[in-house]
Amino acid sequence: MSKLSVDLKKIISHSKEYGYIFPSSEIYDGLSACYDYGPFGVELKRNIKDYWWRSMVKSRLDVVGLDSSIFMHPGIWKASGHVDAFNDPLIDNKDSKKRYRADQLIESYIEKLNSKIEKEVKKAHKRFGDKFDKDQFLQTSVRAQDYLNTITKTTKLMNQYLIEEDYGSLKKLIEEIGIVCPVSGTKNWTDIRKFNLMFSTKIGSVADQATDLYLRPETAQGIFVNFLNVQKTARMKVPFGIAQIGKAFRNEIIARQFIFRMREFEQMEMQFFVRPGEEMKWFDYWKKERIKWHKKIGFSENVLKFHDHENLAHYANAATDIEFKYPFGFKELEGIHSRTDFDLRSHEKHTNKKLQYFDSELGESYTPYVIETSIGLDRMFLAVLCQSYTEELVKENTRIVLKIPPILAPIKVAILPLLKKDNLPEKSKDIYNKLNNFFSCYYEEKDSIGKRYRRQDALGTPFCVTVDHETLDNNSVTLRNRDTMDQVRISIDDLIIQLNNKLSF
RNA sequence: GCGAGUGUAGCUCAGGGGUAGAGCAUCACCUUGCCAAGGUGAGGGUCGAGGGUUCAAAUCCCUUCACUCGCUCCA
């Protein structure tokens, strides 16, 4: 096992030990790729959401929020392209262990036959010179006719089987035409299985009258179908954005790497509607805005990078990812996509309802173009954990610290009596009650003071307030910094102001 | 789905036919005057599940389940 995955392993077990993340359904042996957020995980997650919502919605005049439902009309997923585009027949080669899409295997086979025909044509052209008639050749050449017939027949059968979802026959077809695996060169294929990205379920209490529907695979569509509702009621003018935080569900073929790729996950999305033709300007604008956001909470230059897409999705005309350097490499954390007017237009087509905006400045109506920023909340959570987890040597002992940015930390301040006697606990609890109105606090009196500091370090608490005998004399406490372990003595009255300075957005 | 690996205490793991173990963690009491691991005691396990071999199985055999890693996909 590589050193990198050892790091991830440490983070996973630390997350569990300190109440951040538990494996789902653990006492039933777990459920693959599902995780639960524990008492401190849920706080960190909430703080990340707040940080995003504040900067994307609260601090801007041109973006408003939305919380659309997870269940939506099944027609939406037809319009968005999810029903057709993510419904693949998959087949494995048992020798090379490679997985392919069955239809793509057959298509590349047809491609090969086509190039063989081309070769024949070229050869014949050489032979006959200028008098060469391509159509005539194709009709008379036995070999070319053979290829053409096979292509026609194979294409027809493939399409028929795909539509009927007759995967048994589709496999037979692959075997009959003798397709081999490009890697192993063998015909040792598994059966074809259908893979569907979306989870389906039923709504309605009577089974046979129930309507099939899907759990949403992205939050974006809830925004698109509410475009006019939001624009009109919040009286927004293009350019403007709609933001949403919510769960999404994808039946990933393989879900791995802890909370990086889960089947149930949470997205923080914003769709920004702009005038047609101005999309690249806004695409660049949001690229800059979003990278600024990441840097503001302390992600450094060398753990972030843009990754521009070469192959664009069916709806996009430009796309980039912000990648974060996880222990398993640079991976997508956030996507910024120029989605054109694909979604709005597609919903118009499917509903026969106008989804246009009248631009009073231009004096015309149009379907806005859309720039999407979409960040995985769980991926952000993991990025924060990976960035924060540190082990350092202090007097030949390992100190494990979660250097979580203070504004994101689940617990902001721990209040600790130096000793569990002499009225120190009582005094500490007074301070706890006072501070807890402003920050999330933690009170602890067990074990030696050093041990308690280390425990708070491991939990990621940025500040410890220690109450000692001097506190009883002059109302002063020590304030300890998690990252430097430095302590300053300050008056209790100054605590709230000082902490506020360090903990505000 | 295929391949490999792993399942023993809350965590990290040892033990490989003969009474279930260690360190850390937890709880109680004592100790403790600022950076983890001081003392005494206690709780906690049908050794992933089912079956087989055996006088005897955590240990050997078979089956099964779950997780982890790799491969294909990722709006």
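The chains referred to below are lettered A, B, ... by the order of the sequence lines, with proteins before strands, and numbering in each begins at 1. Note that these values count all heavy atoms, side chains included, but never hydrogens, waters or copies made by symmetry.
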Peer 1: Can you measure Leu393(A) atom CG to A36(B) atom C1' for me and round it to whole angstrom units?
Peer 2: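 Computing the Leu393(A):CG to A36(B):C1' distance gives 13 Å.
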Peer 1: Using a heavy-atom cut-off of 4.0 Å across all strands, would you classify Ile449(A) as base, sugar-phosphate, or nothing?
Peer 2: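 Sugar-phosphate only.
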Peer 1: Please state the C1' separation for the pair U19(B) and U68(B) - nearest whole angstrom.
Peer 2: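 Each nucleotide's C1' atom is 34 Å from the other's.
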Peer 1: OP1 or OP2 of C35(B) sitting under 4.0 Å from any side-chain N/O of Lys451(A)?
Peer 2: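 No, no such contact exists.
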Peer 1: Which nucleotide in the list A75(B), U12(B), C35(B) gets nearest to the side chain of Arg454(A)?
Peer 2: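 Closest of the options to the side chain of Arg454(A): C35(B).
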Peer 1: Parallel, tilted or perpendicular: which describes the rings of Phe381(A) and Tyr20(A), with under 30° parallel and over 60° perpendicular?
Peer 2: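 The rings of Phe381(A) and Tyr20(A) stand perpendicular, inter-plane angle above 60°.
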Peer 1: Can you tell me, in whole Å, how much space there is between the C1' of U72(B) and that of G3(B)?
Peer 2: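 The answer is 14 Å between these two C1' atoms.
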Peer 1: Decide whether a cation-pi geometry holds between Arg263(A) and Phe249(A); the criteria are a distance under 6.0 Å from NZ or CZ to the six-membered ring centre and an angle within 45° of the ring axis.
Peer 2: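 Arg263(A) over Phe249(A) ring: no.
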Peer 1: Tell me what Phe224(A) touches on the nucleic acid: a base, only sugar-phosphate, or nothing, going by heavy atoms under 4.0 Å.
Peer 2: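 Contact class for Phe224(A): none.
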Peer 1: Is there ring stacking between His337(A) and A75(B), where the centres must be under 5.5 angstrom apart and the planes under 30 degrees?
Peer 2: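 Answer is no, no stack.
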Peer 1: Using atom C1' of each nucleotide, how far apart are A14(B) and U32(B) to the nearest Å?
Peer 2: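 My reading of the C1' atoms in A14(B) and U32(B) gives 33 Å.
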Peer 1: Taking the same atom, P, in G1(B) and in C60(B), what whole-Å distance lies between them?
Peer 2: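 Each nucleotide's P atom is 28 Å from the other's.
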Peer 1: Using heavy atoms to find the nearest nucleotide of RNA chain B for His469(A) and Lys446(A) separately, return the residue whose nucleotide is more 5′.
Peer 2: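 Going by which nucleotide is closer to the 5' end, it is Lys446(A).
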Peer 1: Have a look at Asp457(A) and say if it touches a base, only the backbone sugar-phosphate, or nothing, with a 4.0 Å heavy-atom cut-off.
Peer 2: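 Contact class for Asp457(A): none.
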Peer 1: Using the C1' atom in both, what is the distance from C27(B) to U59(B), to the nearest Å?
Peer 2: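 Their C1' atoms lie roughly 33 Å apart.
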Peer 1: Of the nucleotides A75(B), C11(B), C35(B), which has the atom closest to the His82(A) side chain?
Peer 2: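 Closest nucleotide to the His82(A) side chain: A75(B).
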Peer 1: Please give the distance between the C1' atoms of A37(B) and U6(B) as a whole number of Å.
Peer 2: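 After rounding to an integer number of Å, I get 30 Å for this pair.
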Peer 1: So with a 6.0 Å cut-off around NE2 of His73(A), is the heavy-atom count from everything else above 12?
Peer 2: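 Atom NE2 in His73(A) is not packed in, count stays at 12 or less.
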Peer 1: Figure out the CD1/P separation between Ile12(A) and G10(B), and round it to whole Å.
Peer 2: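 The distance from CD1 of Ile12(A) to P of G10(B) comes to 20 Å, rounded to the nearest Å.
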Peer 1: So, the side chain of Arg216(A) versus the backbone of Met72(A): is there a donor-acceptor pair under 3.5 Å, distance only?
Peer 2: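 No, Arg216(A) side chain to Met72(A) backbone: no donor-acceptor pair under 3.5 Å.
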Peer 1: Quick check on Tyr214(A): does its OH atom have over 12 non-hydrogen neighbours (other residues, nucleotides or ligands) under 6.0 Å away?
Peer 2: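 Result for OH/Tyr214(A): open.
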Peer 1: Out of A36(B), C11(B), G33(B), which has the shortest distance to the side chain of Lys16(A)?
Peer 2: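 Of the candidates, C11(B) comes closest.
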Peer 1: Quick one: does any side-chain atom of Asp447(A) pair with a main-chain N or O of Arg452(A) as donor and acceptor, under 3.5 Å?
Peer 2: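 Here the side-chain-to-backbone pair does not exist.
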Peer 1: Which of these nucleotides, A75(B), U12(B), G33(B), is closest to any side-chain atom of Arg250(A)?
Peer 2: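 Minimum distance to the Arg250(A) side chain belongs to A75(B).
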Peer 1: Let me know the distance between CG of Asp486(A) and C1' of C34(B), rounded to the nearest Å.
Peer 2: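 One finds 13 Å between C1' of C34(B) and CG of Asp486(A), rounded.
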Peer 1: Look at the side-chain N and O atoms of Arg455(A) and state whether any lies under 4.0 Å from the OP1 or OP2 oxygen of U26(B).
Peer 2: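 Yes, because at least one side-chain N or O of Arg455(A) sits under 4.0 Å from OP1 or OP2 of U26(B).
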Peer 1: Under 4.0 Å, counting only non-hydrogen atoms across every strand here, what does Thr478(A) touch: a base, just sugar-phosphate, or nothing?
Peer 2: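 Thr478(A): base contact, heavy atoms under 4.0 Å.
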Peer 1: Measuring only the C1' atom in each nucleotide, how far is G18(B) from A57(B)? A whole number of Å is fine.
Peer 2: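 Each nucleotide's C1' atom is 10 Å from the other's.
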